[in-house]
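Everything on this sheet refers to the single structure shown next.
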Amino acid sequence: MKLIVTEKNDAAGQIARLLSDSGKPKADKVYDTPVYRFRRGGEDCVTIGLRGHILQPDFPPELKFNDEEGWFGVTAEGEVLPADVPDGLARPPYDTKRKPYLKDGIDIKGWKIASLPYLVWAPIEKTPAEKGIIRSLKNLAKKADSVVIGTDFDREGELIGSDALRQIREVAPDVPVSRARYSAFTKAEIDHAFNNLVELDQDLADAGESRQYIDLIWGAVLTRYLTTARFSGFGNTRSAGRVQTPTLALVVERERERMAFKPEDYWVISGEASHGEEEPFKVSHTTARFWDKDAADAAYANVAGAKEARVTAVERKSRTQRPPAPFNTTSLQAAAAAEGISPARTMRLAESLYMDGLISYPRVDNTVYPSSLDLKDCVRTISKVPQYAPTCKALLSQPKLTATRGKQETTDHPPIYPTGAADPEKLQPAAWKLYNLIARRFLATLMGPATIEGTKVTFDVNGEPFQASGNVLANPGFRSIYPYGLKKDDQLPELHEGDVCDVQKMDLLAKQTEPPARYSQGKLIQEMEKRGLGTKSTRASIIDTLYQRKYLKNDPCEPSQLGMAIIDALNTYAPRITTPEMTSELEDDMTKVAEGTDTQTQVVTHSRALLAGMMDGLIEHTEDLSEAIADAVTADAKIGVCPKCGRDLVVKTSAKTRGSFAGCMGWPDCDVTYPLPQGRIEALEGEAAVCPDCGAPRIKVQPFRQKAYETCINPACPTNREPDVEVGVCHACAEAGRTGKLIAHKSERTGKRFIRCTNYDDCGTSYPLPQRGKLEATGEECPDCGAPMVIVTTARGPWKLCPNMDCPGREKKAAAGRGRGRGTGTKAASAKKPAAKKAATKKKA
DNA sequence: GCAAGGTC
């Protein structure tokens, strides 16, 4: 039996299909791992897909725990370090034996500053990360007569293959092993690869492993340093890494530019004019920006009371807009980010669309459809989606389809395109939004350009030159299916030279130049790609990490004080980690290892020595760094000023309930606290930061998936008070022979709004209410449970609801599925569950 | 408890 090992399940299936004599391999399982069995030229074959890397590099366990004797060692392979490591950099002195060790009476284990110079030189072991896959792989290897490594044709693929081979060798030391190199899933390519097998390129795999080791060493050492320099409890990891830190530095650098920006004053003269009965249009002085106030005043004086604008010229120009290139991962992430889906979310949604057979493989660099892709067949497939049917029909009536081509052409996977017809009713809204984007993009790449008719009209207004411009989509072309990012038409009336328009108004506006904009997540992804930071598969999750670490906040990306403090500190003491150069130098080193002109040990040792040199400066300044981090964290937590004592009011976490509240930094001298509303809390600046009614801080609240609002933090403030509303009678009291009224009430202590019976102490009847929106009684009772129905009016409009969380009607609705309001809440909760489960199992593993 | 890289 021939065993074929691929990088992922998808590839295992495709290769089996392409190699099998019958074209129909048999899907089977070994333990829980899917495999594909087939015959090829009379030989039994089986393909198994790994799950990317199956081994995880890590430090030896004895370096991780504080309850064991420590060890310190030398090279990654447990070999003596080369003698040319500069003296004073290589610490501790070389030792060839792995044994428990206390160095100079210092315990060097665990997360502490003193252990870091040793951690720099600690050996690295590779531990199984995918135990189930490894078990299945070994099971098959025992029975195999030959093995072919068919992982992806790149550096990480070679490493993944080499790791797999190590596992295979443990159970089948003598089985012949070869390597298949292919870069497209076509019959010709795969046949060629398997008819021309080569050897595994161990140098290339070593290059990949060097990358793993260097990333781990630098990441772990700097992360442990930053985290322990000022330990703020578990869950407050302060990380650093070869990719994440330069990415954070980009955002910080842009923020510094913004802070250093000096706005310049300028003036604009603009107004409105109309022609006959037609819609008025905007006119502005041909001097778009007056930098001199006197000049602006003078020009404005000429036109202030003007009644007429005489057309002096009409210029028409039509522009064509070419249809977009096919999507690869980066361009999809950027386009989806512009539609409000973060890159990380895009990848999660894309993965599930891919698993549902609705889109092609989502991790690609390629932007050119391969000739093997039957474009017409794809169009036919998605023509079943009613929204696309007319466009598809038009495309299918063409004798031949030609697609746009992007700049990046690789052959591993096709660009992202729809592979199935989706039903919007069966997808969660965001998944449909993404599918719709992908499907429309695909159709757009097959269509003609759009033509935009541009008109520029110049006017004379009392001797001053003015202009108006209009843009109209004259021939929509691909824009008929792909409206993303399309500007709205500015229609001008039909005007000719000499026509006279009526000036409706004319203003002199004082303006200021704006600082450079913050990076949106989409722009940041593109910037990372430009600078060689991360890969298509990692960029989205790296940005996510920066948010999790609280280095970044908001969208567009804004660095926190903590994020800026981390970059400042690393810029001073470990500048190598803050720039993209570390990545480009690593690339050069890996090329050398792959070419055999350098070795993994040399490259990794050199990198360790560089880091060791930086640790001196860092450790010397631990105290400074500790203070800088503490100050930054306090500044980030600040949401206002204490009205009683004037010290900072910050977000604190209750030790008892783990919930957060606002508390004065002056505690225990000052006991001011406030409850916090649900959502993300931000400080306001300037006058808006203090409530004029009660003196407490005003804050901005961003609730989950709802509109942000500003409020006074004090629930007892007159601005937060709400009159009680009688919403109905209490049935429980009526049954008990009492009279109870149900009152909607907002607590001045907690700020929470709820319905409670006037006899609450006796009958215990209470219902929760939505915390936001205007509340009204209806006088009606819920047909399912008898609770009083209420109306809550939010920005989304009025919404009638039963407040009873246990109402049988709720379950009915939940079962029926869709619906707005609380229905979405239920959906969100159920959608969350699998993710939570995943996290739990991951923890276990 | 750490990184970045694969993939589910």
Side-chain angles (χ1 to χ4, degrees), chain A residues 6-12 32-34 49-59 63-66 110-112 115-116 119-120 122 124 126 129-130 132-133 151-152 154-164 205 207-228 231-247 329 347-348 350-352 354-356 361-363 412-413 528 532-546 548-549 577 582-583 586 590 607 611 834-835 837-839 841-843 845:
Chain A
T6 67
E7 190 155 321
K8 44 187 169 277
N9 180 42
D10 174 78
D32 273 342
T33 313
L50 306 176
R51 258 182 243 166
H53 294 282
I54 53 171
L55 300 183
Q56 167 79 8
D58 209 346
F59 300 112
L63 272 174
K64 286 191 195 165
F65 306 106
N66 288 324
W111 287 48
K112 58 171 83 74
S115 73
L116 295 177
L119 190 66
V120 169
I124 293 176
K126 287 188 121 176
E130 295 287 348
I133 298 268
T151 46
D152 291 359
D154 54 28
R155 190 169 52 218
E156 295 296 330
E158 210 72 11
L159 172 58
I160 290 165
S162 158
D163 284 346
E209 203 168 55
S210 315
R211 197 251 340 127
Q212 280 190 322
Y213 288 3
I214 290 170
D215 280 343
L216 176 64
I217 295 163
W218 281 74
V221 169
L222 291 175
T223 300
R224 289 185 189 191
Y225 173 77
L226 294 170
T227 307
T228 46
F231 185 65
S232 318
F234 294 103
N236 289 300
T237 307
R238 323 281 187 213
S239 61
R242 175 177 56 84
V243 179
Q244 63 168 263
T245 305
T247 303
T329 303
M347 293 319 285
R348 281 195 297 275
E351 185 67 36
S352 87
Y354 165 65
M355 283 298 155
D356 289 345
Y361 190 70
R363 284 179 288 268
D412 47 351
H413 294 281
M528 289 171 78
L533 293 172
T535 73
K536 58 187 181 291
S537 318
T538 58
R539 286 182 199 116
S541 64
I542 284 185
I543 294 177
D544 236 29
T545 302
L546 294 175
Q548 267 172 30
R549 300 283 181 245
I577 196 75
M582 181 164 172
T583 294
L586 181 66
M590 285 194 295
S607 187
L611 177 62
K837 237 186 200 169
K838 229 186 204 172
T841 45
K842 216 176 180 185
K843 225 175 185 178

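Protein chains get the first letters and strands the later ones, always in sequence-line order, with residue 1 at the start of each.
As a whole-Å value, the separation of L159(A) CG from dG6(B) C1' is 9 Å. Rounded to whole angstrom, the span from the CG atom of L119(A) across to the C1' atom of dA3(B) amounts to 12 Å. Protein atom NE2 of H53(A) is 13 Å distant from nucleotide atom P of dC8(B), rounded to whole Å. As a whole-Å value, the separation of M590(A) CE from dA4(B) P is 13 Å. As a whole-Å value, the separation of I124(A) CD1 from dA4(B) P is 14 Å. Rounded to whole angstrom, the span from the CZ atom of R155(A) across to the P atom of dG6(B) amounts to 9 Å. Rounded to a whole Å, the OH atom of Y361(A) is 6 Å from the C1' atom of dT7(B). Rounded to whole angstrom, the span from the CD1 atom of I217(A) across to the C1' atom of dC2(B) amounts to 12 Å.
Note on E351(A): only backbone sugar-phosphate atoms sit closer than 4.0 angstrom, heavy atoms only; bases stay farther off. Within the 4.0 angstrom heavy-atom criterion, base atoms lie near Q212(A). No contact: T151(A) has no heavy atom under 4.0 Å from any strand. Using a 4.0 Å heavy-atom criterion, one finds that F231(A) contacts the bases of the nucleic acid, with or without backbone contacts as well. Contact annotation for G241(A): backbone-only contact, meaning every heavy-atom pair under 4.0 Å involves sugar-phosphate atoms and none involves a base. No contact: N236(A) has no heavy atom under 4.0 Å from any strand. Here G534(A) lies in heavy-atom contact (under 4.0 Å) with sugar-phosphate atoms only.
The existence of a salt bridge linking E209(A) and R155(A) is excluded, since no basic side-chain nitrogen approaches an acidic carboxylate oxygen closer than 4.0 Å. Using a cut-off of 4.0 Å between Lys/Arg side-chain N and Asp/Glu carboxylate O, E7(A) and R51(A) are scored as not salt-bridged. Ionic pairing of D58(A) and K126(A) is not present here: no N-O contact between side-chain nitrogen and carboxylate oxygen is shorter than 4.0 angstrom.
Side-chain nitrogen and oxygen atoms of Y213(A) include none within less than 4.0 Å of the OP1 or OP2 phosphate oxygen of dA4(B). The shortest distance between the side-chain N/O atoms of S537(A) and the OP1/OP2 oxygens of dG5(B) is not below 4.0 Å. The phosphate of dA3(B) (OP1 or OP2) has a side-chain N or O of Q244(A) nearer than 4.0 angstrom. The phosphate of dG6(B) has OP1 or OP2 within less than 4.0 Å of a side-chain N or O from T535(A). Residue S239(A) has a polar side-chain atom (N or O) positioned under 4.0 Å from OP1 or OP2 of dA3(B). Distances shorter than 4.0 Å separate some side-chain N or O of R549(A) from OP1 or OP2 on dC2(B). Checking the phosphate oxygens (OP1, OP2) of dG1(B), no side-chain nitrogen or oxygen of T227(A) falls inside 4.0 Å. Between R242(A) and dG5(B) there is a side-chain polar atom (N or O) within less than 4.0 angstrom of OP1 or OP2. Distances shorter than 4.0 Å separate none of the side-chain N or O atoms of R211(A) from OP1 or OP2 on dG5(B).
W218(A) and S607(A) share a donor-acceptor pair across their side chains, judged by distance under 3.5 Å alone. Between the side chains of Q244(A) and S239(A), a donor-acceptor pair is found at a separation under 3.5 Å.
Here R348(A) pairs with nothing under the salt bridge (Lys or Arg N to Asp or Glu O under 4.0 Å) rule; sequence neighbours left out. The ring-ring contact (aromatic ring centres under 6.0 Å, His included) check on H53(A) picks up nothing, with sequence neighbours excluded.
Considering only side-chain atoms of Q56(A), the nucleotide from dG6(B), dG5(B), dA3(B) that sits closest is dA3(B). Comparing dT7(B), dG5(B), dG1(B) against the side chain of R51(A) picks out dT7(B) as the nearest. Closest to the side chain of F234(A), out of dC2(B), dG1(B), dG5(B), is dG1(B). Taking only side-chain atoms of P57(A), from C-beta outward, the nucleotide of dC2(B), dA3(B), dC8(B) with the closest atom is dA3(B). Proximity note for K8(A) (side chain, C-beta onward) versus dT7(B), dG5(B), dA3(B): the nearest is dT7(B).
Summary of the strand contacts: T245(A) and G233(A) both lie near DNA chain B, and taking for each the nucleotide with the nearest heavy atom, the more 5' one is attributed to G233(A). If you find the closest nucleotide of DNA chain B to V243(A) and to D152(A), the one lying nearer the 5' end belongs to V243(A).
A distance cut-off of 5.5 Å between ring centres, combined with a plane angle under 30°, places W111(A) in a stacking arrangement with the base of dG1(B).
Judged by atom type and distance alone, N9(A) does not reach the base of dC8(B) through any side-chain donor-acceptor pair under 3.5 Å.
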